Amino acid sequence: GILSAAEPEKVSSTKTDPEVMRLIELLEREIEGKAGKSIIPGGKLGTNSEAARALAKLGPKAAPAVPMLLRAVEEGDGLIPSQAGFALGHIGKAAVPALIESLSSDSQALKFQSMHALKLIGSDAAPATEKLLKLAKADDAQIRSNALEALGRLAAPDNRPVVDVMLESLEAKEEPVQVAAAEGLGQLRPKDARASDALCAALNDAKRPAGVRSAAAQALSRFEPVREKSVMAMITGLQSEKPQIQAAAASGLNRIGTAAKPAEKALQDFLKAPSDPPPTLAGDEAYAWELLHDVARKNAKAALENIR
């Protein structure tokens with residue numbers, strides 16, 4: 001890996017909180033399966049990390065633990081890598097340089113957890129933008145999706161290369177990449193009109209997967225000021241036959257409040273329409289449809305109240 005096991009020992013105990021030092025030592029024992037107990041009843045030894053959880057609660061004070069936490073991501077079993085990644089995210093700005101370096105690792109686990117941590121850190125992790133842009137163009141769809149999610153949380157809203165890669169990714173063949181791009185644009189909310197135009201097009205496109213159209217509806221509802229074109233696209237989503245899209249569109253209309261006034265009649269018509277599942281569905285599929293449709297109706301009622 002990028003960091004050796006010996007590196008945590010370079011941290012001087014005179015400069016580091018004794019509790020942090022204790023947790024670093026405990027984390028090393030947990031990685032090696034020598035902690036002596038599991039932190040959950042019936043759990044397997046070495047698959048959970050009491051130390052990582054405690055370090056996450058300490059936040060920036062736990063900065064000296066960054067090297068050992070990165071080691072835990074690479075070498076830990078079970079939940080230890082994700083718990084270590086969570087702790088790195090809560091340490092914040094002090095962890096950013098090491099996390100950026102980890103993005104170049106050959107270890108997929110280290111890459112994924114580093115991106116997750118950078119996403120948690122947010123704008124303080126903006127120096128990671130350049131490397132994440134490269135990963136957003138990788139061959140692996142999962143890496144691209146994770147990079148897009150992180151960029152949505154940490155990049156400057158009107159960073160042109162970031163907006164460009166989001167727009168390109170919205171046209172990717174893989175659904176998770178499209179979803180991540182739509183969600184990323186919703187987090188960034190750039191002033192660039194191409195962003196909301198592309199999201200409207202995605203929401204209006206009946207050939208797109210329901211997950212993508214739903215993500216587009218939610219993303220559009222975050223943009224300010226609200227464009228009439230966006231409201232019209234959410235009305236189209238509300239009129240979809242798929243309750244997942246209906247629920248997302250109604251939720252979006254509820255979020256934008258009085259700006260959803262042009263959708264008032266569409267919301268009323270939706271609530272008056274029959275709410276039985278299509279006859280082609282039965283059993284669990286019909287039950288799932290009903291659950292989502294109930295959510296859509298609740299969202300639509302809330303949107304109407306907001307408009308009034």
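Worth knowing before you read on, the calculation uses all heavy atoms, side chains too, and leaves out hydrogens, waters and symmetry mates. Predicted, not measured: the structure shown is a model, and the values here were computed from it.
- Take Phe112 and apply the ring-ring contact (aromatic ring centres under 6.0 Å, His included) test, not counting sequence neighbours, and it matches no residue.
- With hydrogens and angles disregarded, no donor-acceptor distance shorter than 3.5 Å links the side chain of Arg22 to the backbone of Val20.
- In this structure, the side chain of Ser251 does not engage the main chain of Ala247 through any donor-acceptor pair within 3.5 Å.
- The backbone N or O of Ser107 lies less than 3.5 Å from no partner atom in the side chain of Glu74, so there is not a single donor-acceptor pair.
- Minimum interatomic distance between Ser169 and Ala136 (heavy atoms only, all atoms of both residues): OG-O, 4.4 Å.
- Of all the heavy atoms in Ile121 and Lys93, the pair that sits closest is CG2-N, 4.3 Å.
- Under a 4.0 Å N-O distance rule, the pair Arg53/Glu50 does not qualify as a salt bridge.
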Worked check of side-chain contact (heavy atoms from CB on, under 4.5 Å) between Leu103 and Leu118: CA-CA 10 Å; Leu103 294 177; Leu118 290 165; 3.9 Å; yes
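- Tested against Asn146 for a side chain to side chain contact (heavy atoms under 4.5 Å, CB included), the candidates His116, Lys119, Met115 yield a single pass: Met115.
- Contact record, Leu99 with Leu70: CD2-CD2, 4.2 Å, taken as the closest heavy-atom pair.
- In this structure Glu174 satisfies the salt bridge (charged side-chain N to carboxylate O under 4.0 Å, His left out) test together with Arg144, sequence neighbours excluded.
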Residues Glu305, Arg308; criterion salt bridge (Lys or Arg N to Asp or Glu O under 4.0 Å); working and verdict: CA-CA 5 Å; Glu305 290 175 8; Arg308 293 166 183 164; over 6 Å; no
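- Scanning all heavy atoms of the two residues, the minimum distance from Arg189 to Arg222 falls at CD-O, 2.6 Å.
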Test side-chain contact (heavy atoms from CB on, under 4.5 Å) applied to Leu220 and Cys200, step by step: CA-CA 8 Å; Leu220 282 169; Cys200 285; 3.9 Å; yes
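- In terms of modelled atom types and a separation under 3.5 Å, the side chain of Glu290 and the main chain of Asp276 share no donor-acceptor contact.
- Aromatic ring pairs are classed by plane angle as parallel below 30°, tilted from 30° to 60° and perpendicular above 60°; the pair Trp289 and His293 is parallel.
- Closest approach of Ala52 and Glu30 over heavy atoms only: N-OE1, 4.4 Å.
- Side-chain atoms of Ile307 and Leu267, non-hydrogen and from C-beta on, do get closer than 4.5 Å to each other.
- A donor-acceptor pair is defined here as one N or O able to donate and one able to accept, closer than 3.5 Å; such a pair exists between the side chain of Thr236 and the backbone of Met232.
- Salt-bridge check for Arg71 with Glu28: passed, with a basic side-chain N closer than 4.0 Å to an acidic carboxylate O.
- In terms of heavy atoms, Leu238 sits closest to Phe270 at O-CD1, 3.8 Å.
- Taking the charged nitrogens against the carboxylate oxygens, Asp205 and Arg213 have no contact shorter than 4.0 Å, which rules out a salt bridge.
- Listed for the Gln113 side chain is no donor-acceptor partner under 3.5 Å among the backbone atoms of Val73.
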Considering only distance and modelled atom types, tabulate donor-acceptor pairs under 3.5 Å from the side chains of residues 153-167, sequence neighbours left out.
from: Asp158; atom 1: OD1; to: Lys191; atom 2: N; distance (Å): 2.9
from: Asn159; atom 1: OD1; to: Val162; atom 2: N; distance (Å): 3.3
from: Asp164; atom 1: OD1; to: Arg194; atom 2: NH1; distance (Å): 3.2
from: Asp164; atom 1: OD1; to: Arg194; atom 2: NH2; distance (Å): 2.8

